[in-house]
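What follows is a single structure, written as structure tokens, with notes after it.
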Amino acid sequence: MSEERREDRDLYERVMEVSRRRGFLLPSCRIYGGARGFYDYGPLGALLKRKIEEKWREYYVYREGFMEIEAPTLLIGEVFEASGHVDHFIDPMTYCRECGEFFRADHLVEEELGIDAEGLSIEELERLIREHDLRCPECGGELGEVTEFNLMFRTNIGPKEGRDGYLRPETAQAIFIQFKDLYRWARQRLPFGVVQIGRAYRNEISPRQGVIRLREFTQAEAEVFLDPEDKRYPGRWDYERERLLFYPIEEQRKDDGEMLEMRVEEAVEEGLVSQPIGYFLGLTKRMLVEMGIDEGAIRARQHLPEERAHYARDCWDVEVRLDRFGWVEVVGIADRTDYDLRRHSEHSGEDLRAFEELDEPRIVYRPEPIMEKLGPEFKSDAPKIAEELRRIKAESREELEGGLTVEVDGEEIEVPPDCYEIVEEKVTGRRFYPHVVEPSYGIDRILYCVLEHNFDPEEGMFRFPAWLAPIEVGVFPLLKRDDMVRYARRIARELREEGFTVEYDDSGSIGRRYARADEIGVPYCVTVDHDTLEEDTVTIRDRDTTEQVRVPVDELPEILRGLIDGEIEFEEAGEPV
RNA sequence: GCGGCCGCAGUCUAGUCUGGUAGGACGCGGGCCUUCCGAGCCCGUGGCCCGGGUUCAAAUCCCGGCGGCCGCACCA
């Protein structure tokens, strides 16, 4: 009966059950009844997560050479005002008391009354709804109170009121606001990349699906700064040769739309994806496959215009197919253009532009305002006019002669020639806002995909790639006898000193210990037996074949390292048993 | 946030309808056994999601909360 029931449960349920029982993932705050949208990583989960993050670093930091920074998760309000998150992340909501339908209060007022409701306060929206007796557009029911739905967690910094702060809804902003220093550290040369791995927070209305939608989650983001005039990322690796399933907007809109399988380089050539996005799609696919995710269950799907974020011009998700949830976004690669740097420049007053030196300096001409003339002539408008004049550049002196027209506050103003002096200026380069292509990884989702895709439902165990297994080596005495126990403990200690994650186990029978190790995906188990005591050799058991080889104890660390790094085949690791 | 179903040791579950104070299996810890693939035997560990109400008495009935699953909505 219970066996039958076990088979009824879907993969998600089984994976989560093992994960909970063996300490990968557990609901937070359990003794207080749990907290939706929050999960703890248990001992094995924390190890696994670290290995995933480290693999990510291998790709982005060690191989691409991107700079890694780590910034606070709590940032002051101005940052998110500039980034657009305050406007785009806080929605006034209302709902129907009859049918329970949920609405954006401002959209509803706009549609029903035909007025611009943007920026209206909660109270004003509430008043408009009551005054005009607005009803539910679905069923005509009475509407509930208007509440501010705040996707960002807001707090105060400092005592009392203090300064506004938000827990970051994405890690990216911290990178943009440090652009000046980062650019300098990159020797002021584009392209360059900056990464960050860290927590981000979103107060989701209704988080579900375990670790797939969390209120606190881990992002690994890379911001790749590119020259908009040559918006390519010349990667040093061959990820563009990866084959991938592409699901572009046009196919999604067709009734019989299908995914197109091709190499990244072909997709770039055909104009399906931009080169930098393509490069990181290919990179991502290779990384996911390395983590044991099924190649056929990975695709690149382009965002439809209506689902794009406020900052994105184009965005492709890398999705992984899961048993229960279908295609799930695990990585988003967005073209953020110069949106963020421009906004932060405008809001902070800092110039966050890059500079490129020209091969040959150019001579340009510009009007330099003469304030003694401008002042008496235009009074209080003079400073603004001067500012506008300084913006004007010309190829030749003649273009500026005989007076100029500038626009100030929407008004055309004629500036007579005696109000400025034409000066010659040497231009040595151009200043511009770099564009940003952002591959953004949801580490928690990837971790769940890794669990599900490496889960063997027949045996009820994880078959992680050896390098990824949270516990790399199990060490057991064949019998729970003092001499074997001592020997095995010593081996376990020595392997730990060599940097392996090791589990020593002497409880129950040897078969039970292998089974326990299999369940959490331990790739190799070392057993101390009678021969070990005689001749200092041990057996290594391979998780996936259950075959064993016998090796000398003093070569054990080296052999295990080779096995885990995939440098030696198991059959060649020692004498077959 | 709405509606439906649900909540008992680490896991799976009997008991809930009909109120009388919780039983099993696996796991886990210890012991025996001395054994290379979840063996056996003995001992032990551990539970009614939280709060309130009804009642002499609540796992059981009622209300509220929290949490889980499904559908809707939300997920820039």
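First the proteins, then the strands, lettered A, B, ... as listed; each starts at 1. On a predicted model such as this, the values are computed, not experimentally measured, just so you know.
Contacts of A/Arg213 with the nucleic acid, taken as non-hydrogen atoms under 4.0 Å apart, include base atoms. Backbone-only engagement by A/Tyr12 is indicated by non-hydrogen atom pairs under 4.0 Å involving sugar-phosphate atoms exclusively. Residue A/Arg308 is classed as a sugar-phosphate contact, given heavy-atom separations below 4.0 Å to backbone atoms only.
With hydrogens and angles left out, the side-chain atoms of A/Asp505 and A/Ser507 include a donor and acceptor closer than 3.5 Å. No side-chain donor from either of A/Lys231 and A/Ser274 sits under 3.5 Å from a side-chain acceptor of the other. Side chains of A/Gln173 and A/Arg168: a donor-acceptor N/O pair is absent below 3.5 angstrom, by distance only. Donor-acceptor pairing under 3.5 Å is recorded for the side chains of A/Glu535 and A/Thr537. With 3.5 Å as the limit, one finds no donor-acceptor pair spanning the side chains of A/Ser83 and A/Tyr311.
For A/Arg215 and B/C74, the CZ to C1' distance is 12 Å, given to the nearest whole Å. Nucleotide B/A9 holds its C1' atom 11 Å from the CZ atom of A/Arg30, rounded to whole Å. Taking atom CZ of residue A/Arg21 and atom P of nucleotide B/G10, one finds them 13 Å apart after rounding to whole Å. In this structure, A/Ile212 atom CD1 and B/G68 atom C1' are separated by 16 Å, rounded to whole Å. B/G67 atom C1' lies 16 Å from atom CD of A/Gln209, rounded to whole Å. Distance A/Leu151 CG to B/A73 C1': 14 Å, rounded to the nearest Å. The CZ-P distance, from A/Arg481 to B/C33, rounds to 13 Å in whole Å. Here B/G7 presents its P atom at 18 Å from CD of A/Glu17, a figure rounded to the nearest Å.
Look at the P atom in both B/C72 and B/G38: the space between them is 45 Å, to the nearest Å. Look at the P atom in both B/C69 and B/C12: the space between them is 13 Å, to the nearest Å. Here, B/A14 and B/G71 have their C1' atoms 31 Å apart, quoted to the whole Å. Distance noted for atom C1' between B/G44 and B/C61: 37 Å (whole Å). When the P atom is compared between B/C6 and B/C63, the two are found 14 Å apart, to the nearest whole Å. Here, B/C62 and B/U16 have their C1' atoms 14 Å apart, quoted to the whole Å. With both ends at atom C1', the span from B/G46 to B/G10 equals 9 Å, rounded to whole Å. Comparing the P positions of B/G51 and B/C74 gives an interatomic distance of 37 Å, to the nearest angstrom.
In this structure, A/Phe570 and A/Tyr524 have parallel ring planes: the angle between them is below the 30° cut-off, well short of the 60° mark. Taking the six-membered ring where tryptophan is involved, the planes of A/Phe325 and A/Tyr12 are perpendicular, since the angle between them exceeds 60° and thus also 30°.
Under 4.0 angstrom from either OP1 or OP2 of B/G68 there lies at least one side-chain N or O belonging to A/Arg36. Note on A/Lys480: every side-chain N or O is 4.0 Å or more away from OP1 and OP2 of B/C33.
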Watson-Crick and G-U pairing of RNA chain B, under 3.5 Å, as dot-bracket with | and [ ]:
(((((((..((((......[..)))).(((((.......)))))....(((((..]....))))))))))))....
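For A/Arg321, the salt bridge (charged side-chain N to carboxylate O under 4.0 Å, His left out) test picks out no residue, with sequence neighbours left out. Partners of A/Glu547 according to the salt bridge (charged side-chain N to carboxylate O under 4.0 Å, His left out) rule, which considers only residues two or more places apart in sequence or in another chain, do not exist here. Applying the salt bridge (charged side-chain N to carboxylate O under 4.0 Å, His left out) criterion to A/Asp133, with sequence neighbours excluded, gives A/Arg135. Legend: residues meeting salt bridge (charged side-chain N to carboxylate O under 4.0 Å, His left out) with A/Arg199, ordered by chain and number and at least two apart, are A/Glu216.
Of the residues in residues 310-334 of chain A, those lying under 4.0 Å from RNA chain B by heavy-atom distance are A/His310, A/Tyr311, A/Arg324. Within residues 170-178 of chain A, no residue has any heavy atom under 4.0 Å from RNA chain B. Contact check of residues 568-577 of chain A against RNA chain B (heavy atom, cut-off under 4.0 Å) returns no residues at all.
Outside the 6.0 Å centre-distance limit, the rings of A/Tyr201 and A/Tyr166 are not counted as a close aromatic pair.
Mapping A/Tyr39 and A/Arg208 onto RNA chain B by nearest heavy atom places A/Tyr39 closer to the 5' end of the strand. Mapping A/Ser507 and A/Glu307 onto RNA chain B by nearest heavy atom places A/Ser507 closer to the 5' end of the strand.
The environment of A/Gln209 atom CD is dense: over 12 non-hydrogen atoms of other residues, nucleotides or ligands sit within 6.0 angstrom.
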Using atom names, set out every protein N or O paired with an N or O of nucleotides 35-42 of chain B below 3.5 Å, distance rounded to 0.1 Å.
from	atom 1	to	atom 2	distance (Å)
B/C36	O2	A/Tyr514	OH	3.0
B/C36	O2	A/Gln548	OE1	3.4
B/C36	O2	A/Gln548	NE2	3.0
B/C36	N3	A/Gln548	NE2	3.4
B/C36	N4	A/Asp529	OD2	2.6
B/C37	O2	A/Arg541	NH2	3.2
B/C37	N3	A/Arg541	NE	2.6
B/C37	N4	A/Arg541	NE	3.3
B/C37	N4	A/Thr546	O	3.0
B/A39	OP1	A/Arg512	NH2	3.3
B/A39	OP2	A/Ser509	OG	2.3

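Nearest heavy-atom pair, A/Ala297 versus A/Trp327, reported as atom, atom and distance to 0.1 Å: O-CZ3, 3.3 Å.
Within the structure, every pair that satisfies the side-chain hydrogen bond (donor to acceptor under 3.5 Å, both in side chains) test and touches residues 39-48 of chain A, not counting sequence neighbours, is listed here: A/Ser28-A/Asp40, A/Tyr41-A/Asp444. Counting only residues at least two apart or on different chains, the salt bridge (Lys or Arg N to Asp or Glu O under 4.0 Å) pairs with a member in residues 477-488 of chain A are A/Lys480-A/Asp506, A/Arg481-A/Asp483. Sequence neighbours left out, the pairs with a member in residues 469-493 of chain A that pass ring pair (Phe, Tyr, Trp, His ring centres under 6.0 Å) are A/Phe476-A/Tyr514.
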Go through the steps for A/Leu167 and A/Phe80 under the test side chain to side chain contact (heavy atoms under 4.5 Å, CB included), then give the verdict.
CA-CA 10 Å; A/Leu167 287 172; A/Phe80 299 108; over 6 Å; no
